[in-house]
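Sequence lines set the chain letters: A, B, ... in the order given, protein chains first and strands last, and positions in each chain run from 1. Computed from a predicted model, the values in this text were never measured in an experiment.
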Amino acid sequence: MIEEALLEINRGTAEIIDIERIEKLLKAYFDEGKNYTVKAGFDPTAPDLHLGHTVLLQKLATFQKFGARVQFLIGDFTATIGDPTGKSATRKVLTPQDIAKNIESYTSQAFKILDESKTDIVYNKEWLDALGSVGMLQLASNLTVARMLERDDFSKRYASQTPIALSEFMYPLLQGYDSVHLKSDIEIGGTDQKFNLLMGRQLQKSYEIKKQQAVLMMPILEGLDGVQKMSKSLGNYIGVTDAPNDMFGKILSISDDLMWRFYELLSSKTLNEIADLKTGVSDGSLHPKSVKEALALEITTRFHSEDAANNAKSEFDKVHSKSQIPTDIPEFSCEGEVWIAKALLDCALEPSTSQARRDIKQGGVKINQEKVADEKLVLTTGEYLLQVGKRKFAKLKVN
RNA sequence: GGUGAGGUAGUCAAGUGGCCAACGACGGCGGACUGUAAAUCCGCUCCCUACGGGUUCAUAGGUUCGACUCCUAUCCUCACCA
């Protein structure tokens, strides 16, 4: 029983510190029904979750199956500082209003994966506000600058002469203090959070909590480019709230290599099933595209529905495999005659008339399926189907 | 507080008086091709009804026929010293 749980907990993890602690907690749960707490912090700087976040959420859900109460920590206080992790520049500071708005949509998305009845949403503003400047300085005395600079991204930024705001040094401390206040048994986070996660252990010790939290780290899910971590600001993400068609298409666009990462970290298939798929592809009995489609279907179904996923698949086939016109096309209308480049700009197909002209010259613009050759073309009254490139469409009605 | 280095398009990064709307790389976009929005190859990549015009190289002034390049002030970053 414990072995099974451990196996599932282990899946896909990058590193676990103090696995013995986790074993003990599981044992206490299976033997005596004792619950324990697993903390995970979420930074409400962006209102939408993406698949990268769901890697953590799924792991939390796994813990919930084995007796954990999840401390879903919203870093509303720390968000006003901005986590320096992985950032080459100082982050913008959010207003409380922004944060409140983000939290709302954030949690509702999270409960698509988490069991709400086993989750406590906590806000670190609650206790960090109360800390005051005295408490803050006491906290800060636990750490030296040299130690802080050990942190990889700090030293990198320092070396590359990118600014580090002094306030950013406080972030790991505050995150660690969260673990002190919550007396967390386990904390999970991405590998990029290692320093912060360990800070929790160190501070728990300093504040004389008998048992320090175990730490479980998940690898960082790569974004669509397959290189950088999935993140909203890099624009390489698949959002939980993405429309089914987008979600499906984005997953299908990832490289064949990256597909296996997604399988490991996101799919609910067992590791054995995934291994079978892998051998199938390498010996040629399975087509990589169909394997990727299966993944896209699974994920799209999870966040939408099976119907939506199947529709997305047929829509994708229609538009991309057969180069047909998609079903839903945004519609626009305008008064009087329009110059083609201006029309493309107004329909949001192009960012500027200059870009529109370039695309026309290169043969990338079609009206009613026909290539436009004349960049001075003027559209008169009527309805047009405008197309830029392979997948940008708009209907325009000229009155 | 002192001294030195530096701030160039989405990012990184050349350019040190005219040849600069500004090399190159990445990204992005278009085309060809394909199992895909993958890979590869080719082209484009500030704005403007446009063989021309306008606005750019931290900000504000100045020198000059002419400045991203020189001068002055200001803001910001980094290093060393205190």
Asks: Given the P atoms of rA21(B) and rC46(B), what is the spacing between them in whole Å?
Replies: 13 Å

Asks: Quote, to the nearest angstrom, the P distance that separates rC71(B) from rU64(B).
Replies: 15 Å

Asks: Can you check whether Ser253(A) has a side-chain N or O nearer than 4.0 Å to OP1 or OP2 of rA38(B)?
Replies: no

Asks: With both distances under 3.5 Å as the test, what is the Watson-Crick or G-U wobble partner of rU45(B)?
Replies: rG27(B)

Asks: Are Tyr29(A) and Phe66(A) an aromatic pair by the rule of ring centers under 6.0 Å?
Replies: no

Asks: Check the geometry between Phe316(A) and rU36(B) and answer yes if their rings are stacked (centres below 5.5 Å, planes below 30°), otherwise no.
Replies: no

Asks: Can you tell me the pairing partner of rA38(B) across any strand shown, Watson-Crick or G-U wobble, with both distances under 3.5 angstrom?
Replies: none

Asks: If you pin Asp246(A) and Lys366(A) to their nearest nucleotides in RNA chain B, which one's is more 5'?
Replies: Lys366(A)

Asks: Under a 3.5 Å cut-off for both distances, is rA22(B) Watson-Crick or wobble paired, and to whom?
Replies: none

Asks: Please report the distance separating the C1' of rC76(B) from the corresponding atom of rU8(B), rounded so that it comes out in whole Å.
Replies: 16 Å

Asks: With no hydrogens and no angle check, do the side chains of Ser117(A) and Asp115(A) hold a donor and an acceptor under 3.5 Å apart?
Replies: yes

Asks: If we call it a pair only when both distances are under 3.5 Å in a Watson-Crick or G-U wobble match, what pairs with rA9(B)?
Replies: none

Asks: Between Ser255(A) and rA39(B), does any side-chain N or O lie under 4.0 Å from OP1 or OP2?
Replies: no

Asks: If you look at every strand shown and take non-hydrogen atoms under 4.0 Å, does Ser352(A) touch a base, only sugar-phosphate, or nothing?
Replies: sugar-phosphate

Asks: With a 3.5 angstrom cut-off on both distances, give the Watson-Crick or G-U wobble partner of rU3(B), or none if there isn't one.
Replies: rA79(B)

Asks: Which one, rU36(B), rC29(B), rA38(B), comes nearest to the side chain of Asp359(A)?
Replies: rC29(B)

Asks: Of Gly249(A) and Gly363(A), whose closest RNA chain B nucleotide lies nearer the 5' terminus?
Replies: Gly363(A)

Asks: Salt bridge (charged side-chain N to carboxylate O under 4.0 Å, His left out), that's the test. Do Lys194(A) and Glu15(A) meet it? Break it down for me.
Replies: CA-CA 9 Å; Lys194(A) 184 169 184 176; Glu15(A) 190 177 353; 3.1 Å; yes

Asks: Expressed in whole Å, how much space separates the C1' atoms belonging to rA60(B) and rA67(B)?
Replies: 16 Å

Asks: Nearest of rU36(B), rU45(B), rG30(B) to any side-chain atom of Arg358(A)?
Replies: rU45(B)

Asks: Judged by modelled atom types alone, do Ser268(A) and Glu298(A) share a side-chain donor-acceptor pair under 3.5 Å?
Replies: yes

Asks: Taking the side chain of Lys390(A) as its heavy atoms from C-beta onward, which of rU49(B), rC33(B), rG43(B) lies nearest to it?
Replies: rC33(B)

Asks: Distance check, C1' atoms only: rG4(B) and rC12(B), in whole angstrom units.
Replies: 25 Å

Asks: Taking pairing as Watson-Crick or G-U wobble with both contacts under 3.5 Å, can you name the mate of rU72(B), or confirm there isn't one?
Replies: rA60(B)

Asks: Assign Lys313(A) to base, sugar-phosphate, or nothing according to its heavy-atom contacts below 4.0 angstrom with the strands shown.
Replies: nothing

Asks: Mind telling me whether Tyr177(A) and Tyr207(A) have parallel, tilted or perpendicular rings, with 30° and 60° as the class edges?
Replies: perpendicular

Asks: With no hydrogens and no angle check, do the side chains of Ser179(A) and Glu187(A) hold a donor and an acceptor under 3.5 Å apart?
Replies: yes

Asks: Nearest whole angstrom, please: distance from the P of rG35(B) to the NE2 of His287(A).
Replies: 7 Å

Asks: Would you name the heavy atoms of Ile340(A) and Glu375(A) that are closest together and state the gap between them?
Replies: CG2-O, 3.7 Å

Asks: Distance check, C1' atoms only: rC81(B) and rG10(B), in whole angstrom units.
Replies: 38 Å

Asks: What nucleotide among rG35(B), rC47(B), rG43(B) has an atom nearest to a side-chain atom of Lys292(A)?
Replies: rG35(B)

Asks: Using the C1' atom as the point on both nucleotides, what is the distance between rC19(B) and rG66(B), in whole Å?
Replies: 14 Å

Asks: If I pick the P atom on rU16(B) and the same atom on rG54(B), what distance separates them, to the nearest angstrom?
Replies: 27 Å

Asks: Should Arg357(A) be listed as having a side-chain N or O under 4.0 Å from OP1 or OP2 of rC46(B)?
Replies: no

Asks: Choose from rA37(B), rG43(B), rA50(B) the nucleotide whose nearest atom is closest to any side-chain atom of Ser354(A).
Replies: rA50(B)

Asks: Out of rC29(B), rU36(B), rU49(B), which nucleotide sits closest to the side chain of Gln355(A)?
Replies: rC29(B)

